[in-house]
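Everything on this sheet refers to the single structure shown next.
If you're wondering where the values come from, they're calculated on a predicted model, not measured in any experiment. Naming convention: chains lettered A, B, ... in sequence-line order (proteins, then strands); numbering from 1 in each chain.
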2 protein chains.
Amino acid sequence: MGATKTEHFTDKQNSIATLAKALGHPARVAIIEYLIKVDTCICGDIVNELPLAQPTVSQHLKELKNAGLIKGEIEGNAICYCIDKKAIEKLQNYFGIISAKITDKKNNCC
Amino acid sequence: MGATKTEHFTDKQNSIATLAKALGHPARVAIIEYLIKVDTCICGDIVNELPLAQPTVSQHLKELKNAGLIKGEIEGNAICYCIDKKAIEKLQNYFGIISAKITDKKNNCC
DNA sequence: AATCTTTATCGTAATATTGCAATATTAAAT
DNA sequence: ATTTAATATTGCAATATTACGATAAAGATT
């Protein structure tokens with residue numbers, strides 16, 4: 001036991017959970033916000049922006065990449081990391097739909 | 001080591017991460033979707049809807065509650081769990097803003 | 001009061017995450 | 001070719017999460 005039973009849930013549920021999980025750490029939220037702030041993809045100084053050691057930052061970037069939230073390509077001895085717009089839009093869309101459905105609810109009791 | 005360094009990040013970053021983390025498991029995504037589907041707060045049959053044992057479901061509900069995504073009140077020998085609309089709206093709003101900022105970006109390279 | 005039903009908690013095993021020092025890798029700069 | 005600079009990987013310790021059987025708690029039913 002201990003491992004998540006992903007096979008028992010729908011692809012969409014797993015997909016949303018994967019994206020949400022990737023943003024389930026403040027360092028990774030900070031990375032996304034920093035990528036937006038600098039208004040460019042090239043950001044070799046991302047380690048200096050975070051209160052974490054370089055290997056830790058590298059690991060968080062890897063997780064964001066695995067989850068599909070950022071795209072990255074090797075660019076000399078620096079790296080070019082960019083937010084994957086589609087992933088963010090997927091979340092935006094999902095919570096928009098959920099939020100609308102809650103508003104439409106008739107039998108509220110709380 | 002091993003514990004998240006929350007103190008090094010902003011309250012907002014931690015807040016978003018907490019909500020995202022709570023939805024970072026397909027069972028908890030499924031619980032939220034089920035709460036919406038039944039269109040009511042009273043849902044004593046939530047355990048039957050999930051492919052997990054009762055203590056596990058109870059634990060996931062607790063985590064959703066701790067994260068502020070659902071509200072719950074004891075109601076006889078059943079429980080009244082409801083989605084906390086504000087939490088979902090917070091996420092919707094956050095991803096809406098992030099998404100808009102990405103669209104406005106000028107220096108895209110990927 | 002005894003039983004049933006439903007949810008919560010405890011205890012514990014399996015697994016995953018977090019963080020970093022040490023080291024490797026890779027390409028640019030000298 | 002050597003050094004420098006930036007990122008990745010490895011290895012490991014600390015902690016957190018996931019899952020569930022056993023048990024507790026608490027109101028409902030009989």
Euclidean distance, [Y] [atom2] relative to [X] [atom1], rounded to 0.5 Å:
{"X": "A:Asp84", "Y": "A:Ile70", "atom1": "CG", "atom2": "CD1", "result": "9.5 Å"}
{"X": "B:Ser99", "Y": "A:Lys86", "atom1": "OG", "atom2": "NZ", "result": "13.0 Å"}
{"X": "B:His25", "Y": "B:Ile31", "atom1": "NE2", "atom2": "CD1", "result": "9.0 Å"}
{"X": "A:Ile102", "Y": "B:Ile88", "atom1": "CD1", "atom2": "CD1", "result": "4.5 Å"}
{"X": "A:Leu91", "Y": "A:Leu69", "atom1": "CG", "atom2": "CG", "result": "6.5 Å"}
{"X": "B:Asn93", "Y": "A:Gln92", "atom1": "CG", "atom2": "CD", "result": "10.0 Å"}

Spacing of [X] atom [atom1] relative to [N] atom [atom2], expressed in whole Å:
{"X": "A:Leu52", "N": "C:dT17", "atom1": "CG", "atom2": "P", "value": "17 Å"}
{"X": "B:Arg28", "N": "D:dT17", "atom1": "CZ", "atom2": "C1'", "value": "8 Å"}
{"X": "B:His25", "N": "D:dA19", "atom1": "NE2", "atom2": "C1'", "value": "9 Å"}
{"X": "A:Glu63", "N": "D:dT7", "atom1": "CD", "atom2": "P", "value": "18 Å"}
{"X": "B:Asn66", "N": "D:dA16", "atom1": "CG", "atom2": "P", "value": "14 Å"}
{"X": "A:Asp45", "N": "D:dA6", "atom1": "CG", "atom2": "C1'", "value": "11 Å"}

Only pairs under 3.5 Å count here: list side-chain donor-acceptor contacts from residues 54-63 of chain A, not counting sequence neighbours, and write none if there are none.
from    : atom 1 : to      : atom 2 : distance (Å)
A:His60 : ND1    : A:Arg28 : NH1    : 2.9
A:Glu63 : OE1    : A:Arg28 : NH1    : 2.9

Terminal helix-axis angle for the helix from C:dA1-D:dT30 to C:dT30-D:dA1, with five pairs defining each axis and rounding to 10 degrees: 20°
Strand-adjacent residues in residues 8-18 of chain B, judged by heavy atoms under 4.0 Å from DNA chain C: none
Taking only distance into account, with no hydrogens and no angle test, what donor-acceptor pairs under 3.5 Å do side-chain atoms of residues 11-19 of chain B form with protein atoms, sequence neighbours excluded?
from    : atom 1 : to      : atom 2 : distance (Å)
B:Gln13 : OE1    : B:Thr10 : N      : 3.1
B:Gln13 : OE1    : B:Thr10 : OG1    : 3.3
B:Gln13 : NE2    : A:Glu33 : OE1    : 2.9
B:Asn14 : ND2    : B:Thr6  : O      : 2.9
B:Asn14 : ND2    : B:Phe9  : O      : 3.4
B:Asn14 : ND2    : B:Thr10 : O      : 3.2
B:Ser15 : OG     : B:Lys90 : NZ     : 2.6
B:Thr18 : OG1    : B:Asn14 : O      : 2.8

For the student: nearest non-hydrogen atoms of B:Ile98 and A:Ile36, plus distance: CG2-CD1, 3.3 Å
Heavy-atom pair of closest approach, residues A:Leu52 and A:Ala27: CD1-CB, 3.6 Å
Nearest to side-chain heavy atoms of A:His60, which nucleotide of C:dG19, D:dT18, D:dC20: C:dG19
Out of C:dA16, C:dT18, D:dC20, whichever nucleotide has its closest atom nearest the side chain of A:Ala3: C:dA16
4.5 Å side-chain heavy-atom contact, B:Lys85 and A:Thr103: yes
Under 4.0 angstrom between A:Lys21 side-chain N/O and C:dA16 OP1 or OP2: no
Between the protein and nucleotides 8-11 of chain C, which nitrogen or oxygen pairs are less than 3.5 angstrom apart?
from  : atom 1 : to      : atom 2 : distance (Å)
C:dA8 : OP1    : B:Tyr81 : OH     : 2.8
C:dA8 : OP2    : B:Ser58 : OG     : 2.9
C:dA8 : N7     : B:Gln54 : NE2    : 2.7
C:dA8 : N6     : B:Gln54 : OE1    : 2.9

Sugar-phosphate, base or nothing in reach of B:Lys65, heavy atoms under 4.0 Å: nothing
